[in-house]
Peer 1: 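I have a structure I would like to understand better, so I am pasting it below and will then ask my questions one at a time.
Each chain gets a letter, A, B and so on, in the order the sequences are listed, and its residues count up from 1. Bear in mind that the values here come from a model prediction, so they are computed numbers and not experimental data.
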2 protein chains.
Amino acid sequence: MYSSLFGILNKAIEEQQQLLNHSLPKEMYEPMSYIIGLGGKRVRPLLTLIGCDVFEKNVQTAIPSALAVELFHNFSLIHDDILDKAPLRRGSSTVHEKWTNDIALLSGDGMLVKAFDILSQSSADHLPALLKLFSKTSLEVCEGQQLDMNFETLESVSVDQYIHMITFKTAVLLGCSLQLGAICAGADLKNQQHLYDFGKHVGIAFQILDDVLDVYAVDGKFGKQVGGDILSNKKTFLLLNAFEMANESQSRMLKEALQSNTGDHAHKIEVVTGIYNQLGIKELALQSANNHTDLALNHLNELEAAPTKKDDLKTFALHLLNRDM
Amino acid sequence: MYSSLFGILNKAIEEQQQLLNHSLPKEMYEPMSYIIGLGGKRVRPLLTLIGCDVFEKNVQTAIPSALAVELFHNFSLIHDDILDKAPLRRGSSTVHEKWTNDIALLSGDGMLVKAFDILSQSSADHLPALLKLFSKTSLEVCEGQQLDMNFETLESVSVDQYIHMITFKTAVLLGCSLQLGAICAGADLKNQQHLYDFGKHVGIAFQILDDVLDVYAVDGKFGKQVGGDILSNKKTFLLLNAFEMANESQSRMLKEALQSNTGDHAHKIEVVTGIYNQLGIKELALQSANNHTDLALNHLNELEAAPTKKDDLKTFALHLLNRDM
């Protein structure tokens, strides 16, 4: 499914990567080419092409938007990795590790500008709508990243605040990616909005499931250490719900576990997971993810497009969400 | 001159500043409001309004472009100050000093996106041309900043490379600012280009004079310590020309002066300035600045616009260039 679109996308991205690789000054452009070359799943730009294809329009018109989305996403990775002091990205060195923080700052800036530069190559009649959506969403992604940073030092965060944060940090870009494609296809506002909401709710469900998988994944099938979020005291959907539902003694045990510095990682994970299990947090999270998936599918159902195209998109989304547990 | 345009501009900027000041999350938006509130001369957004006004069109249509230019410029200051580890900007703490590097990184990103977001409010018929010019120029400014960083560690830099760097880092944004206004006024490409080239050459002349003033300003009239560039071994127009013109013994003296770590600042400035004087570097630089000013005025001369409007712009540019020496 979508192998033809994926072929078109990869060709366009590789051409762009070659252009970046030969641009000067190389100190600024090489890191852009490097991070794009690391691959990743390229879900966002694929969604842009899908958002055009679902209306049976030629996806070539959506290529500038797809590239803009992919460049923006990679810009955000470069700068987020600086903020997180992360050593690895997609199994390779992060840009600031391979080069320097200064290079990562500046090549990230350049990549963000380049995203808008490529978007400007879109057809003039769609450009105002494309730019308005893309800049609004980009701003929300920055806001989401700031909220995520704020959470690290906040004493208490509500589940609602958490949903707001992941919506901005992750989900809106998925909705935006699809809607950009729909704009390029000349879809009307109502259908654009259905695709946007579909993508947004899939994104929220994906992030909630990501939190579940961090604790409950079959080890080795997830690509990250199981329990990593617990060990780093990350304020996840699970932890925040646990705090909202815990009785006094469970709440005290949770706080003690989070504050413990014994280095006994297995014990910490066991205590926190034990409380999650007492409170039925896993089931609650799966239910919440299912609710957002249902909301997404309702919007897809409302979309005025060929049934086979809608079925393909549904299958693709469910495939994204069904990872091993 | 231009007091009416300046009034319109300041009102628009202050309204924008209020909006930013009330946006959430405040950790991201407060620094934007802060740096805009520090003022500065606001030459760039004023040039955008002038670029529209010179064709006798209502400047309200150019307000989104003017705000975009001012936000972009301030974004570049926030990130450049991180790179330069600068403690002060316009006499106040830099953003990364007042807050943190992380905050400065993220609020800078947000401000860059916000610039494009505001630009998207321009009229749809001009937006493709505005976005194309603005994104191209923004990319060049990033490239110029990277080249400037590269110069710090390069053994030798030619005068041509230096002119290329200041053109990208500073001058193109002045040309772009004017051209954005011209686009909003509906000017044709030929007249847009004349305004762009006028602004670009004024910008180059300004930067060369900046280097001259750092050495030859009447102390206290420039706002920076005289000789600061010499003490920091900065590769200026003066130093690079001196190296290109120096005989063997002068070249050796220059290198020794640059490498000296005696802490005798007055002596270092005296030695380097002495060689500049032997080589007639000041006169050479003034001549080069004059050449670029002449090129700028030639383009202004070619511009098809009302003579009084052109005279005002000429007077304004010469006023910018005529600082005390």
Peer 1: Which heavy atom in Gly110(A) sits nearest to a heavy atom in Leu139(B), and how many Å separate them?
Peer 2: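 So the two residues come closest at O-CD1, 3.4 Å.
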Peer 1: Check the pair His79(A), Leu105(B) against side chain to side chain contact (heavy atoms under 4.5 Å, CB included), reporting the backbone distance first and the verdict last.
Peer 2: CA-CA 8 Å; His79(A) 279 193; Leu105(B) 173 69; 3.6 Å; yes
Peer 1: Do you know the tightest heavy-atom contact between Val113(A) and Ser138(B)?
Peer 2: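 So the two residues come closest at CG1-CB, 3.6 Å.
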Peer 1: Drop me the distance from Ser135(A)'s OG to Gln121(B)'s CD, to the nearest 0.5 angstrom.
Peer 2: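 So the OG of Ser135(A) and the CD of Gln121(B) are separated by 8.5 Å.
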Peer 1: So which atom in Lys132(B) and which in Asp117(A) form the shortest heavy-atom distance, rounded to 0.1 Å?
Peer 2: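 Heavy atoms only, the tightest pair is O-OD1, 4.5 Å.
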Peer 1: Kindly compute the distance separating CG (Leu119(B)) from CG (Leu131(A)), expressed to the nearest 0.5 Å.
Peer 2: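 Between Leu119(B) CG and Leu131(A) CG, I get 6.5 Å after rounding to 0.5 Å.
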Peer 1: Ignoring hydrogens, what is the shortest heavy-atom contact between Leu127(A) and Pro128(B)? Give both atom names and the distance.
Peer 2: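 In this case the closest contact between Leu127(A) and Pro128(B) is CD2-CA, 3.5 Å.
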Peer 1: Looking only at non-hydrogen atoms, find the nearest pair between Asp109(A) and Leu112(B) and report the distance.
Peer 2: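 Smallest interatomic distance, heavy atoms only, reads O-CD2, 4.1 Å.
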Peer 1: Between atom CE of Met28(B) and atom CE of Met149(A), what is the distance when rounded to the nearest 0.5 Å?
Peer 2: 11.0 Å
Peer 1: Identify which of Asp80(A), Leu147(A), Leu24(A), Asp102(A) forms the greatest number of heavy-atom pairs closer than 4.5 Å to chain B.
Peer 2: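 Heavy-atom pairs under 4.5 Å are most numerous for Asp102(A).
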Peer 1: Ignoring hydrogens and geometry beyond distance, is a side-chain donor-acceptor pair present between Gln146(A) and Tyr29(B) at under 3.5 Å?
Peer 2: no
Peer 1: Which residue out of Phe134(A), Phe75(A), Phe116(A) racks up the most heavy-atom pairs below 4.5 Å with chain B?
Peer 2: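 Among the listed options, the one with the most contacts to chain B is Phe116(A).
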Peer 1: Let me know if Asn150(B) has heavy atoms under 4.5 Å from chain A in its side chain, its backbone, both or neither.
Peer 2: side chain
Peer 1: Need one label for Leu130(A): side chain, backbone, both or neither, based on atoms under 4.5 Å from any heavy atom in chain B.
Peer 2: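 The answer is neither part of Leu130(A).
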Peer 1: Using non-hydrogen atoms only, which part of Asp125(A) is less than 4.5 Å away from chain B: side chain, backbone, both, or neither?
Peer 2: neither
